[in-house]
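In what follows, every chain begins at residue 1, and chains take the letters A, B, ... in the order their sequences are listed. Every value quoted in this text rests on a predicted model; they were computed, and no experiment measured them.
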Amino acid sequence: MDYQPRSIEQKWQQQWVKDKTYRVELDANRPKYYVLDMFPYPSGAGLHVGHPLGYIASDIYARYKRLRGFNVLHPMGYDAFGLPAEQYAIQTGVHPAKSTAANINRYREQLDNLGFSFDWDREVQTCDPNYYKWTQWIFIQLFEHYYDQTSGKAQPISDLQGIFTKQGNANVKAATAQETIFTAAEWQSMDEKAQSDVLMNYRLAYRTVTYVNWCEALGTVLANDEVKDGISERGGHPVERRPMLQWSLRITAYAERLLNDLNDLDWSDSMKKMQANWIGRSEGAQLFFEVEGSDHKIEIFTTRPDTIFGATFMVLAPEHDFVPDLTTPEQQKTIEEYIAYANTRSERDRMADVKEVTGAFTGSYAINPFNDAKVPIYIGDYVLKDYGTGAIMAVPSDDDRDNAFADKFGLEIIDVIDKSNYPGATRSDKLGIMINSLFLDGMEVPDAIEEMLQRIESIGLGKRQINYKLRDAIYSRQRYWGEPFPIVYDEKGVAHAMKLEDLPLELPDSEDFKPASGAQSPLARITDWVNLPDGWTRETDTMPGFAGSSWYFLRYMDANNSNAFASQEAVNYWQDVDLYIGGTEHAVGHLMYSRFWHKFLYDKGLVPTNEPFKRLVNQGMIQGVIESIFLEKKDPQTDLRIVEPAIAEKESAEGKTFVPIPVLVDYVTEYGLESSHLTQVGLDQFRAWRPEYADATFVSKSGTYQNGVFTASNGGPLKFATQSEVGKMSKSKYNVINPDDVVERYGADCFRMYEMFLGPIEQSKPWDTKGIDGVSKFLRKFWNLFIRNDQFTISEEAPTKAELKILHTAIKKVSDDIERLSFNTCVAAFMVATNELTKVKCNKRAILEEMVLLLAPFAVHLSEELWQRLGHEGSVHHASYPVFNEAYLKEDEVEYPISINGKKRATAVFAADASKSDMEAAAVAIPNIQKWIEGKTVRKIIVVPGRMINIVVG
RNA sequence: GCCGAAGUGGCGGAAUUGGUAGACGCGCUGGAUUCAAAAUCCAGUUCCUUCGGGAGUGCGGGUUCGAUUCCCGCCUUCGGUACCA
């Protein structure tokens with residue numbers, strides 16, 4: 001009766017589906033627990049062994065909580081709208097709906113293979129109209145609300161219209177782009193279009209012209225978090241800044257709450273820091289500089305009002321509205337040339353040479369409000385249009401960039417801070433004593449900042465202000481495969497939200513999904529869909545990838561509800577996510593947007609909690625080994641074997657350099673692979689293919705490779721040498737390992753436990769099958785505890801004290817470690833217990849039954865099989881967790897390590913209740929210890945009961 | 001540059017509150033079993049050693065009876081971020 005994982009696993013997987021074992025219902029009598037995984041984007045490549053790492057961890061935790069009596073919500077779904085499916089469609093002509101459905105099926109098979117306890121009745125797919133109906137609905141809610149700073153929450157736009165009609169906007173404190181103040185009479189005299197334009201400045205979902213990240217290759221705009229290093233995160237295409245009419249979400253209205261509420265979350269510090277950095281709060285002053293000979297007042301933001309006497313010039317962003325007016329005729333040409341130059345620079349170019357400052361003089365001068373000094377006004381692209389006010393006062397003495405700019409243009413530098421008391425302080429540190437600053441002279445910098453803030457406010461020059469790096473989220477995509485906007489425009493171009501009863505607005509089925517050149521969405525070409533009666537038209541952009549994922553965790557609570565995004569009963573019961581497991585790559589995108597939407601729904605009273613994810617854990621990546629092979633040759637001169645690493649070149653500032661490869665291994669024999677598993681990736685370099693990609697043929701300068709034989713063009717013997725490095729698992733590196741293959745060979749229980757055994761869940765580590773045999777051996781050993789003479793045999797005898805100790809040590813260790821998500825040490829604890837039980841030949845029900853329960857969250861199939869063989873009717877996964885009893889761990893005697901000056905020299909066994917003085921005396925008497933004390937004075941003896949004894953001699 | 005995390009045997013890693021450093025597993029060595037191999041089982045496995053002992057958790061210092069753990073200063077690696085005024 002050998003352990004046969006595959007047949008056991010298939011049997012139970014089918015049984016669980018039949019019995020709906022993992023179905024979960026709202027049950028007000030039981031406490032809830034919500035364990036969530038970040039749902040996957042179903043890509044064409046399928047799951048590799050890295051994906052399930054987090055899913056296994058969350059599954060173990062969910063099962064543990066279930067055994068502990070919680071009503072556990074543990075769902076799964078698919079983030080199914082988005083760019084990759086569409087890119088694939090464009091390349092192959094396969095409709096995204098088709099390829100997405102096929103990918104989802106494949107993911108489901110792979111997931112099912114691993115024995116997860118998901119309640120599939122709650123599955124969501126973001127591309128399903130029944131789902132995105134509510135994505136559209138939430139968007140409409142955002143559209144129909146504004147952020148009222150007085151009440152500190154979102155309020156209906158209709159309220160705002162009421163206020164405007166009665167009193168204008170002067171007293172409204174709101175997150176808005178509206179600058180002009182109007183009276184009630186003025187509001188009433190506006191036509192519908194004008195009123196709608198004003199309201200747009202208040203709505204949480206609004207449409208306006210903004211500078212956006214335009215990606216020509218993808219034919220769409222991207223959100224800030226979808227752009228990395230000036231290129232698109234998806235595909236790596238160049239991105240440029242461009243003004244376009246776009247939908248945006250006013251996430252900045254929630255910046256302060258998004259920042260403050262991080263404090264109460266059980267997230268890693270680094271994750272909180274990442275979000276805090278992204279929000280980027282800074283305190284300072286907003287103030288105005290007058291311009292000589294002009295009515296314009298330049299508004300600036302500064303965190304260093306103390307340095308204003310050192311402000312020797314000003315810099316505006318090249319796109320700043322005042323630039324044309326401030327440019328003098330003499331400087332016209334220079335400025336135009338500079339703006340043209342700035343426009344040609346892509347984001348990537350700009351980032352590539354950050355150290356290089358560029359700019360141009362407008363010819364105009366501003367007046368320093370505190371000393372009436374005339375300071376020249378420049379433009380420069382190191383000043384960003386959309387941060388602060390797009391204009392700065394430049395203080396070259398205390399800011400590195402301003403300093404570089406002053407150097408380049410030969411501008412005056414006035415020292416205003418004496419840093420001599422602070423050696424090592426850098427230019428931008430807020431340290432030192434004010435000089436050359438009239439009334440500030442002699443003050444410390446922090447005091448000077450406060451003094452200036454007060455003066456600025458008291459003379460009405462400006463006010464204190466808080467600025468955020470966080471920008472509003474650009475919400476339009478000029479793509480096909482996304483949620484259509486539930487927005488229609490009337491003949492005057494006024495945007496109207498669709499009514500709930502008309503939702504979902506389904507994505508029209510079209511084969512014409514390629515992005516258009518220019519900024520037109522593919523939907524714009526489906527004219528009979530776009531054009532409505534009476535000259536009304538539909539919005540043709542679609543929503544971005546983060547739309548559907550910003551609220552999916554709420555839908556799981558009541559996934560099939562057609563009257564609401566989820567019933568209030570369900571939302572009030574399930575509340576929020578207790579444990580959320582997923583990758584760090586979503587640190588600022590998905591996690592920020594979800595928190596924003598959740599807070600908005602909270603303001604509306606639609607969800608009971610202020611934050612969606614109480615505890616967040618980021619699982620590490622499982623990396624692959626990237627194996628490269630080099631040709632090994634004989635050097636004709638020295639007759640030594642050499643490796644020619646023609647491809648191992650490094651590009652650096654000095655040009656290309658070649659790196660010698662130290663490894664000399666005959667790949668073919670060493671790894672037992674066949675040479676047909678090689679493919680050429682460079683002149684003399686090959687990559688090790690997995691068997692499923694076989695059939696390589698190539699011709700190179702060095703020779704010809706065909707049918708597994710390499711013939712060198714210059715004759716001579718050839719071998720392969722390999723070099724390996726650790727990196728991301730990716731199809732292009734031929735290092736993807738499919739979990740199905742591992743499961744086929746070792747079983748799903750072994751795969752699950754091995755992934756956990758690899759190391760801490762939060763750590764990244766390379767996949768390495770070397771250790772899997774250890775886990776496989778353990779499972780067989782555990783199974784064998786139940787087998788005597790090839791028969792399933794269980795003894796009803798009462799357990800011994802020693803056996804109970806083994807069991808309860810395991811119960812304590814495993815449950816403590818599960819609580820702190822330390823699954824690798826859980827597996828070790830199971831191994832220890834199993835080894836010990838094997839040693840004492842224990843097959844008693846009283847012990848093994850509890851062990852099966854303990855193991856159930858990990859080896860989900862094996863434990864179910866054993867549970868049944870032990871004679872139980874229901875599923876082990878609906879049983880209850882073993883109860884730990886401290887009494888079984890109590891020892892009569894304790895072994896103490898005895899140290900001399902902190903170094904262990906001997907051990908001694910004492911009764912558990914031995915007194916300190918007895919132990920001291922006995923310890924000193926031990927011969928081995930005597931030897932060390934001899935000729936020295938015992939100064940002190942420290943006895944930590946139950947722990948150790950330390951003798952201090954001198 | 002800034003922010004964050006981490007450096008422990010041949011390898012993955014353990015040590016939860018400052019208390020026996022190296023649990024557990026892989027690998028390796030020796031043995032049993034076998035015609036033989038696989039599998040299994042048993043023993044050993046941080047390094048050095050004159051076999052008394054000595055050294056040892058990235059490096060240098062400090063606090064402590066006692067430091068992988070706390071403090072100060074460095075080094076390295078990996079993530080994040082980047083003209084944010």
Enquirer: Could you check which residues of residues 306-313 of chain A get a heavy atom under 4.0 Å from RNA chain B? Sort them by number, please.
Expert: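 Close to the strand, none.
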Enquirer: Taking atom P of B/G54 as reference, at what distance in whole Å does atom CD1 of A/Ile900 sit?
Expert: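 Taking CD1 of A/Ile900 and P of B/G54, I get 12 Å after rounding.
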Enquirer: Applying side-chain hydrogen bond (donor to acceptor under 3.5 Å, both in side chains) to A/Asn467 and A/Ser282, what does each step give before you reach the verdict?
Expert: CA-CA 5 Å; A/Asn467 247 316; A/Ser282 57; 5.7 Å; no
Enquirer: Just how far, in rounded Å, is P of B/A6 from CD of A/Glu762?
Expert: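 Going from CD in A/Glu762 over to P in B/A6 covers 10 Å.
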Enquirer: So which protein N/O to nucleotides 41-45 of chain B N/O distances come out below 3.5 Å?
Expert:
none

Enquirer: From A/Thr302 OG1 over to A/Ile392 CD1, what is the distance, rounded to the nearest 0.5 angstrom?
Expert: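 It comes to 8.5 Å.
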Enquirer: Donor-acceptor pair, A/Asn368 side chain versus A/Ile308 backbone, under 3.5 Å?
Expert: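 Flag set: sc A/Asn368 to bb A/Ile308 pair under 3.5 Å.
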Enquirer: Answer yes or no: is there a donor N or O on one side and an acceptor on the other, between the side chain of A/Thr389 and the main chain of A/Glu299, under 3.5 Å?
Expert: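 Yes.
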Enquirer: Please report the distance separating the C1' of B/U8 from the corresponding atom of B/U46, rounded so that it comes out in whole Å.
Expert: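 To the nearest whole Å, 10 Å.
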Enquirer: Specify the residue among A/Met274 and A/Val952 whose closest nucleotide of RNA chain B lies further upstream toward the 5′ end.
Expert: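 Whichever sits nearer the 5' end wins; that is A/Val952.
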Enquirer: Between B/C47 and B/C2, how many Å separate the two P atoms, rounded to a whole number?
Expert: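 It works out to 41 Å between them.
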Enquirer: Indicate yes or no: does A/Asp817 engage A/Arg820 in a salt bridge with an N to O separation below 4.0 Å.
Expert: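 Looking at A/Asp817 and A/Arg820, the cut-off is met.
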Enquirer: Considering just the side-chain nitrogens and oxygens of A/Ser268, establish if one lies under 4.0 Å of OP1 or OP2 belonging to B/G4.
Expert: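 The answer is no; no side-chain N or O of A/Ser268 sits under 4.0 Å from OP1 or OP2.
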Enquirer: Please report, rounded to the nearest Å, how far the P atom of B/G27 is from the CG atom of A/Asp773.
Expert: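 Rounded to whole Å, this separation is 6 Å.
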Enquirer: Syn or anti: how is B/G52 classified when any glycosidic angle within 90° of 0 counts as syn?
Expert: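 Syn conformation for B/G52.
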Enquirer: Would a distance-only check, ignoring hydrogens and angles, find a side-chain to backbone donor-acceptor pair under 3.5 Å from A/Gln930 to A/Val924?
Expert: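 Yes; at least one donor-acceptor contact below 3.5 Å.
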Enquirer: Tell me what A/Val383 touches on the nucleic acid: a base, only sugar-phosphate, or nothing, going by heavy atoms under 4.0 Å.
Expert: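 Base, at least one base heavy atom under 4.0 Å.
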Enquirer: Tell me whether A/Asp269 is salt-bridged to A/Lys273, with the criterion being a basic N under 4.0 Å from an acidic carboxylate O.
Expert: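 So A/Asp269 does not pair with A/Lys273 through a salt bridge.
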Enquirer: Sticking with atom P, work out how far B/C83 lies from B/G7, rounded to a whole angstrom.
Expert: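 Straight-line distance between the two P atoms is 32 Å.
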Enquirer: Using atom types as modelled and distance alone, determine if a side-chain donor or acceptor of A/Asn618 lies under 3.5 Å from a backbone N or O of A/Gly582.
Expert: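 Judged by distance alone, yes, a pair lies under 3.5 Å.
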Enquirer: Tell me which residues in residues 464-471 of chain A lie within less than 4.0 Å of RNA chain B, going by non-hydrogen atoms.
Expert: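 A/Lys469, A/Arg471, in order of number.
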Enquirer: Between B/A39, B/C83, B/G25, which nucleotide gets closest to the side-chain atoms of A/Met831?
Expert: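 The answer is B/G25, which lies nearest to the side chain.
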Enquirer: Can you name the side chain to side chain donor-acceptor pair (under 3.5 Å) partners of A/Asp386, sequence neighbours left out?
Expert: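 If we apply the side chain to side chain donor-acceptor pair (under 3.5 Å) test to A/Asp386, skipping adjacent residues, the hits are A/Arg241, A/Arg471.
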Enquirer: Starting at the 5' end of RNA chain B, write a dot or bracket for each base, bracketing those in Watson-Crick or G-U wobble pairs whose two distances are under 3.5 Å and using | for partners on another strand.
Expert: (((((((..(((......[....)))((((((.......))))))(((....)))..(((((..]....))))))))))))....
Enquirer: Just the rounded figure in Å: distance from C1' of B/G25 to CG of A/Leu779.
Expert: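 My rounded result for the distance is 13 Å.
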Enquirer: When rounded to the nearest Å, what value does the distance between C1' atoms of B/A6 and B/G52 take?
Expert: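 Comparing C1' positions in B/A6 and B/G52 gives a spacing of 40 Å.
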Enquirer: What is the distance from CZ of A/Arg281 to P of B/A85, rounded to the nearest Å?
Expert: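 About 12 Å, once rounded to whole Å.
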Enquirer: Could you tell me how far apart A/Glu755 (CD) and B/C24 (C1') are, to the nearest whole angstrom?
Expert: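 About 18 Å, once rounded to whole Å.
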Enquirer: Quick check on RNA chain B: between A/Ile392 and A/Asn277, whose nearest nucleotide comes earlier from the 5' end?
Expert: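 Its nucleotide being nearer the 5' end, the pick is A/Asn277.
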Enquirer: Determine, stepwise, if the pair A/Glu886 / A/Lys812 fulfils salt bridge (Lys or Arg N to Asp or Glu O under 4.0 Å).
Expert: CA-CA 9 Å; A/Glu886 182 85 54; A/Lys812 180 163 172 50; 5.7 Å; no
Enquirer: Nearest to the A/Val832 side chain among B/C24, B/G4, B/A85, which nucleotide is it?
Expert: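 The closest nucleotide is B/C24.
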Enquirer: Over how many whole Å does the gap from A/Trp932 atom CH2 to B/G52 atom P extend?
Expert: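 Interatomic distance, CH2 of A/Trp932 to P of B/G52: 12 Å.
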Enquirer: If you define the side chain from C-beta out and look only at heavy atoms, does anything of A/Ile417 sit under 4.5 Å from A/Ser397?
Expert: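 No, too far: nothing below the 4.5 Å cut-off.
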Enquirer: Around atom NZ of A/Lys272, are there more than 12 heavy atoms from other residues, nucleotides or ligands closer than 6.0 Å?
Expert: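 Yes, NZ of A/Lys272 has more than 12 neighbouring heavy atoms, counting only those of other groups under 6.0 Å.
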Enquirer: Which of these passes side-chain contact (heavy atoms from CB on, under 4.5 Å) with A/Ile581: A/Leu53, A/Val617, A/Ile56?
Expert: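 Exactly one option meets the side-chain contact (heavy atoms from CB on, under 4.5 Å) with A/Ile581, and it is A/Val617.
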Enquirer: Distance-only, no hydrogens or angles: does the A/Tyr896 side chain make a donor-acceptor pair with backbone N or O of A/Val943 under 3.5 Å?
Expert: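 Between the backbone of A/Val943 and the side chain of A/Tyr896 there is no qualifying donor-acceptor contact (under 3.5 Å).
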Enquirer: Regarding A/Thr307 and A/Asp398, is there a side-chain donor-to-acceptor distance under 3.5 Å anywhere?
Expert: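 Distance-only check fails for A/Thr307 and A/Asp398.
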Enquirer: Using whole Å, report how far NE2 of A/His586 lies from C1' of B/G80.
Expert: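 So the two atoms are 15 Å apart, to the nearest Å.
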Enquirer: Taking the C1' atom in each of B/G9 and B/G60, what is the distance between them to the nearest angstrom?
Expert: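 Going atom to atom, C1' in each nucleotide, I get 24 Å.
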Enquirer: Write down the protein N/O and nucleotide N/O pairs, taken from nucleotides 12-22 of chain B, whose separation is under 3.5 Å; answer none if there are no such pairs.
Expert:
from: B/G12; atom 1: O2'; to: A/Leu758; atom 2: O; distance (Å): 2.6
from: B/G13; atom 1: OP1; to: A/Gln763; atom 2: NE2; distance (Å): 2.5
from: B/G13; atom 1: O3'; to: A/Asn824; atom 2: ND2; distance (Å): 3.3
from: B/A14; atom 1: OP1; to: A/Asn824; atom 2: ND2; distance (Å): 3.0
from: B/A15; atom 1: OP1; to: A/Arg820; atom 2: NH2; distance (Å): 3.0
from: B/U16; atom 1: O4; to: A/Lys813; atom 2: NZ; distance (Å): 2.6
from: B/U20; atom 1: O2; to: A/Lys904; atom 2: NZ; distance (Å): 3.1

Enquirer: With no hydrogens and no angle check, just 3.5 Å: does a side-chain donor-acceptor pair link A/Thr358 and A/Tyr338?
Expert: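 A pair is found: one side chain offers a donor N or O, the other an acceptor, under 3.5 Å apart.
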Enquirer: What do you reckon, is CZ of A/Arg745 surrounded by more than 12 foreign heavy atoms closer than 6.0 Å?
Expert: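 Count not over threshold, so no.
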Enquirer: Determine the Euclidean distance between corresponding P atoms of B/G58 and B/U69; express it in Å to zero decimal places.
Expert: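 Looking at atom P only, B/U69 and B/G58 are 8 Å apart.
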Enquirer: State the syn/anti category of B/G9 according to its glycosidic angle, syn meaning within 90° of 0.
Expert: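 You should classify B/G9 as syn.
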Enquirer: Do side-chain atoms of A/Ser764 reach the backbone of A/Met621 as a donor and acceptor pair under 3.5 angstrom?
Expert: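 Flag set: sc A/Ser764 to bb A/Met621 pair under 3.5 Å.
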Enquirer: Looking only at atom P, what distance separates B/C70 and B/G4, rounded to whole Å?
Expert: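 Pairwise P distance, B/C70 against B/G4, rounds to 16 Å.
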Enquirer: What's the gap between B/G56 and B/A39 when it is taken at their P atoms, as a whole Å value?
Expert: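 Taking atom P in both B/G56 and B/A39, they lie 40 Å apart.
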